[in-house]
Amino acid sequence: MLDAKFLRNDIEQTAELLKKRGFDLDVSLLSELEEKRKSLQVSTENLQSERNTRSKDIGQAAKRGEDIKPLREAMNELGEALDKAKEEFALVTEQIKTISDRVPNLPHESAPIGKDENENVEILTWGTPKQYDFEVKDHVELGEALGGLDFKSAVKISGSRFIVMQGQIAKLHRSLAQYMLNLHTNEHGYTEMYVPYLVNADSLYGTGQLPKFGDDLFNTNPATEEGVGMSLIPTAEVPLTNMSRDVIYDETDLPIKMTAHTPCFRSEAGSYGRDTRGLIRQHQFDKVEMVQLVHPEKSFEALEELTGHAEQVLKNLGLPYRKVVLCTGDMGFSATKTYDLEVWLPAQDTYREISSCSNVGDFQARRLQARFRRTGAKKPELLHTLNGSGLAVGRTLVAVLENYQCADGRIEVPEVLQPYMGGLTHIG
RNA sequence: GGUGGGGUGGCCGAGUGGCCGAAGGCGCUCCCCUGCUAAGGGAGUAACGGGUUUAUAGCCUGUUCGAGGGUUCGAAUCCCUCCUCCACCGCCA
């Protein structure tokens, strides 16, 4: 959520910034609602103030033993006026909230301006795609041939976009997650977290999945009138970042760096037909997530650092990748700046997203009321949140299978993973 | 899941319809006293929002005693629903 002041005092400029990311802010509607809000709020509060003083008078009169009946009757009219004013005020407030809840974050000035993914800007590439003197297979073919990826069983058990893994490939998948977690906790200073996979609506609102992206979530029954049903997490960013909800940290507590390995569940209602083959787009996938809660003046620095942590995983696995900075039109709802890491997939002869690292600024913190107090200061301030995948485990498995395939269909185990695989050097 | 008891300011804790945004204590800040230390005396000390404003100053004002709803001229206090914590019982990886 943006600072309400932006929408009140700087609405033109705010609208301009939002336009960069392809978001049309209805300035005239919002200004009109704001105008209404202001006058309604003042008049409502005046009525409340009058009610309060007159109620007090009644109390004192009663104490003196006077007849308070006429005073009470005189209040009825005021009561009605107040009820009406409150109702109108609530309506306008709700309308403003409905709009502002759906307004994305403002892009940082360093984010390139562009319309869609085609205008993302490549920052660097790392590693050189291997040359193969045989025809490369994709991970589906490789995995099925090895008996490790079982799409058919997954369809029977659950449906499309699920996977059953078994044997060495299941183990490789687990090893990848273990390796990432160990790297981040041992080398990068993150605290390992274990978190719930079912979360309440407040948490989803806090990180920005609700109200706008509810369709992408798997919800448990019952989603009653009050909407108390819980949802499966689409990313560990939700539980991790919500750790900070309604907390005031000491300045010296920051930065707080957390990592967790969790399954992620996405209904991706709008994406049927895309990436239908293989493990690229699943309803359930594992991810190692990194979240940082930082001092507002250090969040862009922290973004570089956090992205570096994700890159380190790819480097250590020897997977060629490229780093792009997302243009304003391709950034996620909450982000103010985002780097994507794209791993080389030889069978597709292209780079595919495997990590997304964002500085969210104070956008989530405002919804979360996640704050800190400067040493010696009285007022708490909003902190900044960041999140990034480090990495998506399923896609990393795809990358390992495809990049480390041998002519005979076996898979070489990347060196750093061999200890996790009991010293195994090849699968198959 | 059942029964019983709780959820009040940074913390502890009083408060069953108006004098309660909230006693008292602890903590914290400032001042005084005391030649150090210890002790003592005094004052202050919730959050969030709106209006005004150059202002995160001041002033005016609203809301908040787990959350939401209700009764009432008036609710921390009464009623309803929910959440949550504790104890015991049942069930359970």
Side-chain angles (χ1 to χ4, degrees), chain A residues 1-11 30-31 33-97 100-101 194 196-206 210 220-231 242-253 295-297 362 365-383:
Chain A
M1 179 160 59
L2 294 180
D3 191 333
K5 292 201 172 78
F6 289 166
L7 297 177
R8 283 179 196 159
N9 307 335
D10 280 324
I11 191 161
L30 203 55
S31 307
L33 287 171
E34 254 311 314
E35 199 89 345
K36 268 198 199 163
R37 188 224 99 229
K38 199 159 158 177
S39 75
L40 281 170
Q41 181 158 1
V42 169
S43 59
T44 305
E45 288 185 0
N46 284 343
L47 287 170
Q48 283 177 316
S49 175
E50 193 179 339
R51 180 205 57 194
N52 289 345
T53 47
R54 281 167 70 173
S55 286
K56 252 182 198 145
D57 289 346
I58 292 177
Q60 311 217 320
K63 202 114 225 170
R64 290 191 300 266
E66 293 169 17
D67 180 19
I68 59 168
K69 204 169 166 204
L71 289 171
R72 281 173 45 184
E73 277 165 4
M75 287 286 276
N76 288 339
E77 208 173 305
L78 178 69
E80 275 169 36
L82 180 56
D83 282 347
K84 200 172 155 227
K86 272 184 173 169
E87 205 175 302
E88 283 177 44
F89 176 58
L91 192 71
V92 171
T93 309
E94 185 58 38
Q95 286 173 325
I96 291 173
K97 185 170 154 56
S100 53
D101 272 351
Y194 174 84
Y197 303 156
L198 284 165
V199 294
N200 58 34
D202 284 344
S203 293
L204 291 159
Y205 178 79
L210 291 180
T220 61
N221 277 336
T224 62
E225 314 86 65
E226 277 111 42
V228 292
M230 294 198 281
S231 304
N242 270 279
M243 289 289 295
S244 66
R245 175 144 51 94
D246 296 321
V247 177
I248 300 175
Y249 296 96
D250 287 334
E251 186 174 24
T252 50
D253 292 338
H295 198 287
E297 283 145 33
D362 63 11
R366 186 167 295 106
R367 292 191 180 201
L368 294 163
Q369 284 302 298
R371 294 174 291 173
F372 77 105
R373 213 186 310 263
R374 286 178 204 265
T375 312
K378 196 161 171 262
K379 284 230 169 211
E381 296 171 45
L382 295 174
L383 48 76

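Every chain is numbered from 1 and lettered A, B, ... according to where its sequence line falls, protein lines coming before strand lines. Since the structure is predicted, the reported quantities are computational estimates derived from the model, not experimental observations. Values reported hereafter were calculated over all heavy atoms of this structure, with side chains retained and with hydrogens, waters and symmetry mates removed.
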Asker: Roughly, in whole Å, what's the span from CD in A:Glu35 to P in B:rG50?
Answerer: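 In whole Å, B:rG50 P and A:Glu35 CD are 16 Å from each other.
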Asker: Figure out the CG/C1' separation between A:Leu382 and B:rC48, and round it to whole Å.
Answerer: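 Atom-to-atom, A:Leu382 to B:rC48, this comes out as 12 Å.
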Asker: Just call it for A:Arg373: base, sugar-phosphate, or nothing, with non-hydrogen atoms closer than 4.0 Å on any strand.
Answerer: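 Touches nothing.
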Asker: Please compare A:Gln41 and A:Ile58 by the position of their nearest nucleotide in RNA chain B and report the one closer to 5'.
Answerer: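 The 5'-side residue here is A:Gln41.
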Asker: Separation of A:Asp83 atom CG from B:rG69 atom P, in whole Å?
Answerer: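 Distance check: A:Asp83 CG to B:rG69 P gives 13 Å.
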Asker: Return a single string for nucleotides 52-67 of chain B, one symbol per nucleotide in 5' to 3' order, where B is base contact, S is sugar-phosphate-only contact and - is none, cutoff 4.0 angstrom on heavy atoms.
Answerer: S--------BSS----
Asker: If I take atom CD in residue A:Glu94 and atom P in nucleotide B:rG68, what distance separates them, rounded to the nearest angstrom?
Answerer: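 Nearest whole value for this atom pair: 14 Å.
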Asker: Looking only at side-chain atoms of A:Ile68, point me to the closest of B:rC73, B:rG21, B:rG50.
Answerer: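 Side chain of A:Ile68 sits closest to B:rC73.
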Asker: Is there a donor-acceptor pair closer than 3.5 Å between any side-chain N or O of A:Arg366 and the backbone N or O of A:Met1?
Answerer: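 Between the backbone of A:Met1 and the side chain of A:Arg366 there is a qualifying donor-acceptor contact (under 3.5 Å).
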Asker: If you write RNA chain B from 5' to 3' in dot-bracket form, with Watson-Crick or G-U pairs under 3.5 Å, [ ] for crossing pairs and | for pairs with another strand, what do you get?
Answerer: ((((((((.[[[..)..(.....]]]((((((.......))))))(((((((.....))))))).[[[[[..)....]]]]])))))))....
Asker: Say whether, by atom type as modelled, one donor and one acceptor occur between the side chain of A:Ser49 and the main chain of A:Glu45 under 3.5 angstrom.
Answerer: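 It does not hold such a pair.
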Asker: For B:rC48, does OP1 or OP2 lie under 4.0 Å from any side-chain N or O of A:Arg366?
Answerer: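 For B:rC48, OP1/OP2 do not have a side-chain N/O of A:Arg366 under 4.0 Å.
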Asker: Counting heavy atoms not belonging to A:Phe6, are there more than 12 under 6.0 Å from its CZ?
Answerer: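 For A:Phe6, atom CZ is not crowded (no more than 12 foreign heavy atoms under 6.0 Å).
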Asker: Could you work out the separation of B:rA22 and B:rA47 based on their P atoms and round it to a whole Å?
Answerer: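 B:rA22 and B:rA47 have their P atoms separated by 14 Å.
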Asker: Considering only atom C1', compute the distance from B:rC33 to B:rG50 and round it to an integer number of Å.
Answerer: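 Comparing C1' positions in B:rC33 and B:rG50 gives a spacing of 45 Å.
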Asker: Would you call A:Arg54 and A:Glu50 a salt bridge, taking side-chain N to carboxylate O under 4.0 Å as the test?
Answerer: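 Looking at A:Arg54 and A:Glu50, the cut-off is met.
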Asker: Using the P atom in both, what is the distance from B:rG44 to B:rG24, to the nearest Å?
Answerer: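 About 11 Å, rounded to a whole number of Å.
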Asker: Give me the distance, rounded to whole Å, that separates B:rC78 from B:rG25 when you measure between the P atoms they each carry.
Answerer: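 Roughly 27 Å separates the two P atoms.
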Asker: Sequence neighbours left out, what passes side-chain contact (heavy atoms from CB on, under 4.5 Å) with A:Glu94? Give chain and number order.
Answerer: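 Here the qualifying residues are A:Thr98.
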